[in-house]
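Data first, discussion second: the structure below is written as structure tokens.
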2 protein chains.
Amino acid sequence: MNIGEAAKASGVTAKMIRYYESTGLLRPAARRGNGYRDYGAVDVHELRFIRRARGLGFEMVEIAELLSLWRDRNRASRDVHRVASGHIEALQTRIAEMQGMVDTLSNLVTCCHGDDRPDCPILADLGGGVGAGQPLEPANKRRQHA
Amino acid sequence: MNIGEAAKASGVTAKMIRYYESTGLLRPAARRGNGYRDYGAVDVHELRFIRRARGLGFEMVEIAELLSLWRDRNRASRDVHRVASGHIEALQTRIAEMQGMVDTLSNLVTCCHGDDRPDCPILADLGGGVGAGQPLEPANKRRQHA
DNA sequence: ATCGACCTTCCCATCATGGTAAGGTCAAGC
DNA sequence: GCTTGACCTTACCATGATGGGAAGGTCGAT
């Protein structure tokens with residue numbers, strides 16, 4: 001199977017297949033006489049594995065570990081469990097961070113009029129505490145002669 | 001104020017201050033006779049603005065927009081509102097994606113024994129539907145002579 | 001004068017992915 | 001046999017935000 005066919009069969013682009021090989025995530029593919037890479041069902045299966053793992057947000061290093069466990073008949077499921085749990089924790093940490101951003105922003109957005117006027121609690125917050133905006137100007141000549 | 005002092009005062013590394021300048025997010029800093037960048041209170045204020053915005057997950061392009069609105073006395077808070085709302089939505093989309101990953105993984109992790117044995121629903125899932133793992137072998141000689 | 005701390009610019013690396021260019025190969029149709 | 005288009009190969013560049021480092025200039029204190 002050509003790399004293009006393997007790509008179609010696995011949902012991984014040819015580009016990424018070569019990349020995975022170059023980084024050692026995948027073992028070098030077999031080559032045919034013309035230098036073309038040659039893939040079989042096992043390879044496609046591994047590619048789908050990678051694709052699915054990427055879809056679950058695993059990083060390449062983690063996928064390398066998972067893939068190696070997958071290949072290893074002697075694996076302990078404990079190791080898989082550990083990798084997956086660690087990833088869940090990382091995801092939850094990141095989610096919590098982002099949720100915090102959402103909470104803060106939601107408050108600010110709720111308080112913002114969102115109209116023609118320049119006053120805006122969002123900018124005030126970003127400007128370093130309520131009251132900022134242009135606090136460094138003497139606050140004369142309001143609105144730049146318009 | 002030197003770049004180092006501005007960095008300390010703003011919480012933005014000197015490295016990033018230069019980077020922000022190079023990308024046009026910040027206007028070129030004033031220079032002293034020796035070529036050193038020279039910062040004032042206004043600059044530090046903008047740097048803090050950027051830092052806070054980064055902390056809320058805004059991308060550089062969005063920050064550029066926010067910063068320009070911040071500087072603009074004639075801004076309409078509507079524009080700030082729009083940028084912030086868009087960002088909230090992006091965050092929520094990403095959070096939902098990641099939460100989906102967490103949900104899937106949590107299910108799998110719960111089902112995984114996490115012991116010495118090789119059987120593992122996590123790998124089975126990654127391997128493309130339940131039942132995978134090494135389905136491409138005749139399934140004889142289980143557990144490789146151990 | 002010297003030393004350490006600072007500044008400057010420039011280059012490289014990250015991570016996963018896409019794009020592109022230059023060139024080889026193959027299969028189909030003429 | 002030759003052309004054409006689709007495919008393959010490698011190699012390089014770009015992304016976004018950040019860190020690291022080198023090579024060299026400057027400053028302030030001893």
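Atom set for the values below is all heavy atoms of this structure, side chains included, hydrogens, waters and symmetry mates excluded.
Judged by closest nucleotide on DNA chain C, B:Lys8 is the one of A:Tyr20 and B:Lys8 placed further toward the 5' end.
Using a cut-off of 4.0 Å between Lys/Arg side-chain N and Asp/Glu carboxylate O, B:Glu46 and B:Arg71 are scored as salt-bridged. Between B:Arg54 and B:Glu62, none of the side-chain N atoms (NZ, or NE/NH1/NH2) sits under 4.0 Å from a carboxylate O, so this pair counts as no salt bridge. Under a 4.0 Å N-O distance rule, the pair B:Asp125/A:Arg52 qualifies as a salt bridge. At a threshold of 4.0 Å, the pair A:Glu97-A:Arg94 counts as salt-bridged, since one of the basic side-chain nitrogens sits closer than that to a carboxylate oxygen.
Side-chain proximity of A:Asn34 to the nucleotides D:dT10, C:dT17, C:dC26 is greatest for C:dC26. Checking D:dC8, D:dA11, C:dT8 against every side-chain atom of A:Lys15, the shortest atom distance belongs to D:dA11. In this structure, the nucleotide among D:dT10, D:dC8, D:dA17 sitting nearest to the side chain of B:Glu59 is D:dA17. The side chain of A:Arg54 approaches C:dA16 more closely than any other nucleotide in the set D:dC8, D:dG16, C:dA16. Here C:dA16 is the nucleotide among D:dC8, C:dA16, D:dT10 with the atom lying nearest to any side-chain atom of A:Met16. You'll find that the side chain of A:Arg18 is closest to D:dT10, out of C:dA16, D:dT10, C:dC7. Considering only side-chain atoms of B:Tyr36, the nucleotide from C:dC7, D:dG19, C:dC26 that sits closest is C:dC7.
A straight line from CD1 of A:Ile17 to C1' of D:dC8 spans 13 Å, rounded to a whole angstrom. One atom, CG of B:Asn2, and another, P of D:dG28, lie 9 Å apart when rounded to the nearest Å. Look at CZ on A:Arg31: it is 9 Å from C1' on D:dT10, rounded to the nearest Å. Between the C1' atom of D:dC8 and the CE atom of A:Met1 lies a distance of 16 Å, rounded to the nearest Å. B:Arg94 has its CZ atom 15 Å from the C1' atom of D:dG16, to the nearest Å. In this structure, A:Leu47 places its CG atom 12 Å from P of C:dT17, rounding to the nearest Å. In this structure, B:Arg51 places its CZ atom 11 Å from P of D:dT18, rounding to the nearest Å. At whole-Å resolution of the value, CD in B:Glu5 and P in D:dC27 are 14 Å apart.
A:Arg32 comes within 4.0 angstrom of no nucleic acid atom, judged by non-hydrogen atoms across all strands. Within 4.0 Å of B:Arg37, counting heavy atoms only, lie sugar-phosphate atoms of the nucleic acid but no base atom.
Between the side chains of B:Ser77 and A:Asp115, a donor-acceptor pair is found at a separation under 3.5 Å.
Within the 4.0 Å cut-off from OP1 or OP2 of D:dT18, not a single side-chain nitrogen or oxygen of B:Thr13 is found.
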